[in-house]
Amino acid sequence: MEAIVKKRIKQVIKGDQDAFGEIVEIYKNSVFQLCFRMLGNRHEAEDAAQEAFIRAYVNIKSFNQDLKFSTWLFRIATNLCIDRMRKKKPDHYLDAEVAGTEGLSMYSQIPSNTELPEKELESMELQETVQKEILKLPEKYRSAIVLKYMEDLSLNEISEILDLPVGTVKTRIHRGREALKQQLRYV
Amino acid sequence: MCPDHIIELMHEYLDEEIDLEKEKVLRLHLQNCKDCETIFYELKKTIAFVKSVSNMQAPANFTANVLARLPKEKKKVLMTRWFKNHPILTAASLFVVLMGGSLMSTWNHEREFSVTKQRNLIVKNNTVIVPKGEVVKGDVVVRNGTLRIEGEIQGDATVINGEKYLASAGHVTGDIEVVNEVFDWIWYQMKKTAKDVVGVFDQTETK
């Protein structure tokens, strides 16, 4: 697989867009998933994933061909998602008063950090529950958890993608696991 | 409250980085501590949940949409691919180029005066005269010279790279053609080849 990708990259460097199309086919699902888990919205995820591929195409000459292409690609995609998450202005300010209520702020709408009501869990698909809980994770834990358990990458690869020491990656995964456990224990 | 170092061992286990010694310690503790067992079970369950939702498909037309957003391809690549995809057209255009080249070179080389041999033609200083009152049978072709027609030609008259004068009394039963430009020349060659080919078939048929 890596061999085919290497060959295609050489063709892409010569300017062959069809060869790039094959690379997109190979990685589109994992890049899309990464963006979706990070951003939590299909439309935004598709746009981000497309942009990640376009950036890879434009900067293909700066890719070191001795390294793994997927690591480089995931790094582009992850940074892009983190950028978008930071730029995204919150839709609602939590302490703003909710229209039509007296003194109720958005804080009262947030489920408490302890257990979720059983009914809510029953009505929600597991998929949605997990996605919802992942989106509640702070950005630094979220990227580590998604790369580890959804993209099934090794700690070393994640450390390269996030440009962090392996030890830091481990800590983030541990914290992420703990936080998710708190939310998902009653599912 | 469970000891922190046991929780730490659980994470090491889940990272698949625990060594045998520590794993023994962890297992022994889990057997004796219900709380830790629960925590460990919940952690493993959490991971299983997260993994279970991890098969996402990109939307339809994803690749096409990416390719549509890429900057334009280099012309060289486009041409190479076109040649690969259309081998017959490539061969045909190559043939046309080469043929054109060879015709051009014959056009450039044949600069000498020449005329088809007919008995009653008079040749004077690169001028061919069909005399008054004479009848020349067959096609007359003059290269790099002038053709004066005062009599009659029973056939076609062709002047290549030269001039033609048709006197009032002169008469040509077939076509009169003057070829002076390269493209005319190529066109003339093509017509001639076609005629020759048809002629061959006609002959075989009459036989």
Side-chain angles (χ1 to χ4, degrees), chain A residues 11 14-25 27-34 36-37 42-43 45-47 49-54 57-58 125-131 133-134 145-146 148-152 154-155 170-171 173-174 176-187, chain B residues 1-2 4-18 22 34-85:
Chain A
Q11 291 170 307
K14 284 180 195 154
D16 188 339
Q17 296 195 343
D18 279 13
F20 191 69
E22 287 183 47
I23 293 178
V24 177
E25 274 299 313
Y27 295 109
K28 63 176 184 182
N29 288 341
S30 39
V31 172
F32 175 72
Q33 158 147 288
L34 173 65
F36 180 70
R37 300 301 177 196
R42 285 191 80 89
H43 182 75
E46 185 179 0
D47 192 60
Q50 284 183 9
E51 199 185 329
F53 278 112
I54 290 162
Y57 178 83
V58 173
E125 294 277 333
L126 179 67
Q127 284 264 351
E128 287 172 34
T129 317
V130 173
Q131 172 74 1
E133 295 309 328
I134 285 172
I145 288 284
V146 169
K148 172 73 186 162
Y149 289 114
M150 297 191 142
E151 304 293 351
D152 208 19
S154 71
L155 292 173
K170 270 190 210 168
T171 313
I173 290 174
H174 296 180
R177 276 201 292 244
E178 291 287 350
L180 283 175
K181 189 197 79 172
Q182 287 305 316
Q183 298 296 318
L184 294 170
R185 63 202 291 188
Y186 297 107
V187 177
Chain B
M1 195 62 207
C2 296
D4 277 350
H5 78 273
I6 294 296
I7 304 284
E8 201 47 50
L9 288 182
M10 288 182 199
H11 283 297
E12 275 184 43
Y13 178 89
L14 295 171
D15 288 340
E16 289 164 22
E17 293 201 324
I18 199 164
K22 285 177 176 174
K34 271 275 163 237
D35 287 352
C36 276
E37 205 189 351
T38 311
I39 291 175
F40 192 51
Y41 168 75
E42 283 170 359
L43 276 173
K44 286 205 281 192
K45 192 175 78 170
T46 303
I47 292 168
F49 279 156
V50 175
K51 279 189 166 178
S52 74
V53 300
S54 69
N55 271 321
M56 282 201 84
Q57 300 282 317
N61 298 327
F62 182 87
T63 306
N65 291 339
V66 171
L67 293 181
R69 282 175 68 182
L70 291 184
K72 282 269 176 296
E73 222 172 18
K74 284 180 200 156
K75 276 204 183 112
K76 200 181 126 198
V77 181
L78 278 178
M79 264 168 62
T80 323
R81 178 163 331 115
W82 192 87
F83 286 150
K84 264 188 206 161
N85 292 344

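What you see below is based on every heavy atom in this structure, not just the backbone, and it leaves out hydrogens, waters and symmetry mates. Residue numbers begin at 1 in each chain, while the letters A, B, ... track the order of the sequences.
- Ranking His174(A), Gln131(A), Glu46(A), Arg37(A) against chain B, the residue ahead of the rest is His174(A), based on heavy-atom pairs under 4.5 Å.
- For Glu16(B), no part lies under 4.5 angstrom from a heavy atom of chain A.
- Ion pairing between Lys170(A) and Glu12(B) fails under the 4.0 Å rule for side-chain N and carboxylate O.
- Taken from CG in Asn55(B) to OG in Ser30(A), the straight-line distance is 10.5 Å, to the nearest 0.5 Å.
- Atoms CZ and CE, on Arg42(A) and Met56(B) in that order, are 4.5 Å from each other to the nearest 0.5 Å.
- Listed options Leu70(B), Leu67(B), Leu14(B), Ile7(B) were ranked by heavy-atom pairs under 4.5 angstrom with chain A; first place goes to Leu70(B).
- Taking CD1 of Ile47(B) as the reference point, atom CD1 of Ile145(A) lies at 7.5 Å (rounded to 0.5 Å).
- Ranked by non-hydrogen atom pairs under 4.5 Å with chain A, the options Glu17(B), Arg69(B), Gln57(B), His11(B) are led by His11(B).
- Comparing Glu51(A), Arg177(A), Gln127(A) by heavy-atom pairs within less than 4.5 Å of chain B, the highest count is held by Arg177(A).
- Judged by distance alone, the side chain of Gln17(A) and the main-chain N or O of Pro71(B) form a donor-acceptor pair under 3.5 Å.
- Among Glu22(A), Lys148(A), Glu151(A), Met150(A), the residue with the largest count of heavy-atom pairs under 4.5 Å with chain B is Met150(A).
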- Message: Determine whether Arg185(A) and Thr38(B) satisfy the following criterion, side-chain contact (heavy atoms from CB on, under 4.5 Å), listing intermediate values before the conclusion.
- Response: CA-CA 10 Å; Arg185(A) 63 202 291 188; Thr38(B) 311; 5.9 Å; no

